[in-house]
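Input: a single structure, listed below in structure tokens.
Within every chain, numbering begins at 1; the chains are lettered A, B, ... in the order of the sequence lines, protein sequences first and strands thereafter.
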2 protein chains.
Amino acid sequence: MPTPLEKARKNPDSMKAKILLSARHLFGEYGYHGVTTRMIANEVGIDISTLHYHWGDKESLYDAVVTDIHDEIIGVLKDVEKVAHGKSMTTRLNIAIDTVCDFLFAKPEVPKLVVVSAFTKTRPHGIKDDRLSQHVPNIAIAMGLAPDKKGVSPRDLARVLAIANAMYSFASGESSFKQLLKVEHKEYVSIVKDTLKFILTPAFTQETAQNLAVRS
Amino acid sequence: MPTPLEKARKNPDSMKAKILLSARHLFGEYGYHGVTTRMIANEVGIDISTLHYHWGDKESLYDAVVTDIHDEIIGVLKDVEKVAHGKSMTTRLNIAIDTVCDFLFAKPEVPKLVVVSAFTKTRPHGIKDDRLSQHVPNIAIAMGLAPDKKGVSPRDLARVLAIANAMYSFASGESSFKQLLKVEHKEYVSIVKDTLKFILTPAFTQETAQNLAVRS
DNA sequence: ATTTGTTTCCATCATATGATGCATAATTGC
DNA sequence: GCAATTATGCATCATATGATGGAAACAAAT
């Protein structure tokens with residue numbers, strides 16, 4: 001029994017897939033309550049009833065969007081883990097920043113939706129998604145901050161969150177921040193990557209941190 | 001001619017002030033479209049018509065909330081500038097992190113609303129607030145990243161944004177992140193401050209060290 | 001071609017939502 | 001006290017919104 005989401009993934013040209021794509025975009029842009037089923041149907045160029053026919057009610061569609069995005073993120077994280085494994089901390093960080101940023105900037109609705117769903121509630125049921133946060137401990141281990149699942153302290157998790165927050169914030173806020181920096185997309189991405197490396201590398205690089213501790 | 005916002009500030013016990021407070025809370029929690037005028041009126045314990053009598057339409061009230069919060073933030077930033085002036089980079093950072101975090105955690109609706117208003121659009125007019133970002137250059141100067149208003153590069157601005165993003169993200173996402181870290185509020189605040197210092201201090205003190213090394 | 005199953009849209013409904021008119025109550029100034 | 005002003009709540013409206021029934025169009029299989 002394939003779910004609607006599985007069907008949409010199987011056939012990217014299907015109506016289900018088109019609806020899912022528009023829903024991702026719009027929910028990311030305006031948030032759950034800021035999007036009406038009519039807006040989605042309109043962007044796809046179909047009637048609302050067609051939308052309901054494929055996805056059921058609004059909440060189901062939103063769930064599908066969140067699940068879809070969640071799975072994509074997990075995939076990217078696993079890619080990073082694979083490529084970064086065994087490398088030095090600096091290299092691991094650079095790979096993580098470059099790979100994740102490329103992904104987030106290629107699909108802007110992903111960071112927007114994650115940020116919105118993490119920071120605001122939906123009314124009235126309060127759709128809660130903690131699946132993403134379940135992967136934070138894995139990142140902590142992959143980054144070499146903790147030896148194993150049991151050895152991950154709240155402090156380690158907070159550091160992983162700091163890294164993730166930084167990337168997601170810059171990606172989600174591109175339209176606002178780009179204006180402030182007075183740069184175009186391409187340069188914005190470049191500056192963001194540089195800034196993230198500038199901020200994160202010293203903190204997580206042992207030698208530098210030790211040198212600083214000695215100096216000061 | 002005092003505006004409704006000025007009246008509300010003048011008399012904190014007034015109905016206008018009560019409405020403003022509930023509106024801050026609810027808009028921060030659910031976002032613009034996630035809040036109905038009835039929700040606000042209900043939380044205050046009044047009729048919707050009373051709400052409209054005091055604040056006009058929903059958008060005006062939202063504007064007032066954004067302005068109110070904006071002014072508070074500007075106040076805190078000026079405080080930080082005053083206290084941090086002339087101190088070392090490490091001290092400046094510590095003061096900024098402690099002061100701003102204390103403020104953001106004392107009034108959780110502030111970071112939530114800022115993040116939401118920066119990262120999501122409102123429909124249909126797209127209420128855009130770039131007043132806050134106008135202060136970013138000032139922070140760059142106050143932090144010692146640039147000599148004067150003309151010398152602030154996009155890179156400097158991005159670094160200030162990184163600092164601000166980190167604080168706002170941790171404050172906005174407290175409810176999600178606290179759960180993940182499995183700690184209570186007080187410990188969460190402590191961990192966040194430590195993590196911010198851990199991440200930010202090395203980066204910005206290293207640059208200072210590098211600059212000094214280059215000059216000599 | 002006929003049947004069967006799938007997809008699409010039109011018309012419509014029930015409720016939610018923003019907003020207002022108006023009568024009444026409370027407050028203020030004198 | 002009394003008039004004038006301000007504040008509050010009830011009833012109501014127009015539109016927005018989520019959702020559905022059912023007819024028609026389309027597709028696939030025999």
Side-chain angles (χ1 to χ4, degrees), chain A residues 1-8 10-23 26-27 29-66 120-127, chain B residues 1-23 26-27 29-66 121-127:
Chain A
M1 296 306 137
T3 64
L5 179 55
E6 287 164 350
K7 285 188 192 171
K10 197 165 181 177
N11 186 355
D13 290 332
S14 66
M15 185 52 70
K16 278 187 179 55
K18 284 184 193 169
I19 295 171
L20 185 70
L21 201 69
S22 285
L26 287 170
F27 280 133
E29 206 72 22
Y30 299 101
Y32 180 78
H33 295 292
V35 175
T36 68
T37 53
R38 279 167 178 81
M39 285 169 68
I40 303 172
N42 199 54
E43 189 173 291
V44 180
I46 56 171
D47 190 89
I48 350 164
S49 55
T50 304
L51 186 148
H52 283 103
Y53 169 78
H54 285 287
W55 287 101
D57 61 16
K58 187 186 175 185
E59 209 171 309
S60 304
L61 177 54
Y62 184 75
D63 273 344
V65 167
V66 172
T120 69
K121 290 179 186 162
T122 53
R123 162 180 57 89
H125 300 117
I127 302 166
Chain B
M1 298 303 138
T3 65
L5 179 55
E6 286 165 350
K7 286 187 193 172
R9 283 171 171 165
K10 199 165 183 179
N11 186 355
D13 290 331
S14 65
M15 185 53 69
K16 279 187 177 57
K18 284 183 193 169
I19 295 172
L20 186 69
L21 201 70
S22 285
L26 287 169
F27 280 132
E29 206 73 20
Y30 298 101
Y32 181 76
H33 294 293
V35 176
T36 69
T37 52
R38 277 168 179 80
M39 286 169 68
I40 302 172
N42 199 54
E43 189 173 291
V44 180
I46 56 171
D47 191 88
I48 349 164
S49 56
T50 304
L51 186 148
H52 282 103
Y53 170 76
H54 285 289
W55 288 101
D57 62 15
K58 186 186 175 185
E59 208 171 310
S60 304
L61 176 55
Y62 184 75
D63 273 343
V65 166
V66 171
K121 291 179 188 163
T122 53
R123 161 180 59 88
H125 302 297
I127 302 167

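Between the side chain of B:T37 and the base of C:dG18, no donor-acceptor pair under 3.5 Å is found.
If you take NE2 of A:H54 and C1' of C:dT8, they are 8 Å apart, rounded to a whole angstrom. A straight line from OH of B:Y53 to P of C:dA25 spans 17 Å, rounded to a whole angstrom. Between the NE2 atom of B:H52 and the P atom of D:dC13 there is a distance of 18 Å, rounded to whole Å.
Note on ring orientation: taking the six-membered ring where Trp is involved, the planes of A:Y62 and A:F27 are perpendicular (angle over 60°, cut-offs 30° and 60°).
Between the side chains of B:S60 and B:D57, at least one donor N or O sits under 3.5 Å from an acceptor N or O.
If you check every strand for non-hydrogen atoms under 4.0 Å, B:V35 touches sugar and phosphate atoms only. Counting non-hydrogen atoms under 4.0 angstrom, B:I48 reaches a base of the nucleic acid.
Proximity note for B:T50 (side chain, C-beta onward) versus C:dG18, C:dA19, D:dT8: the nearest is D:dT8. The side chain of B:R38 has C:dA19 as its nearest neighbour among D:dG9, C:dA19, D:dT8. The side chain of A:S49 approaches D:dT20 more closely than any other nucleotide in the set D:dT8, D:dT20, C:dT8.
Under the 4.5 Å side-chain criterion, counting only non-hydrogen atoms from C-beta, A:L61 is not in contact with A:T37. With contacts defined as side-chain heavy-atom distances shorter than 4.5 Å, the pair A:Y32/A:T120 does not qualify.
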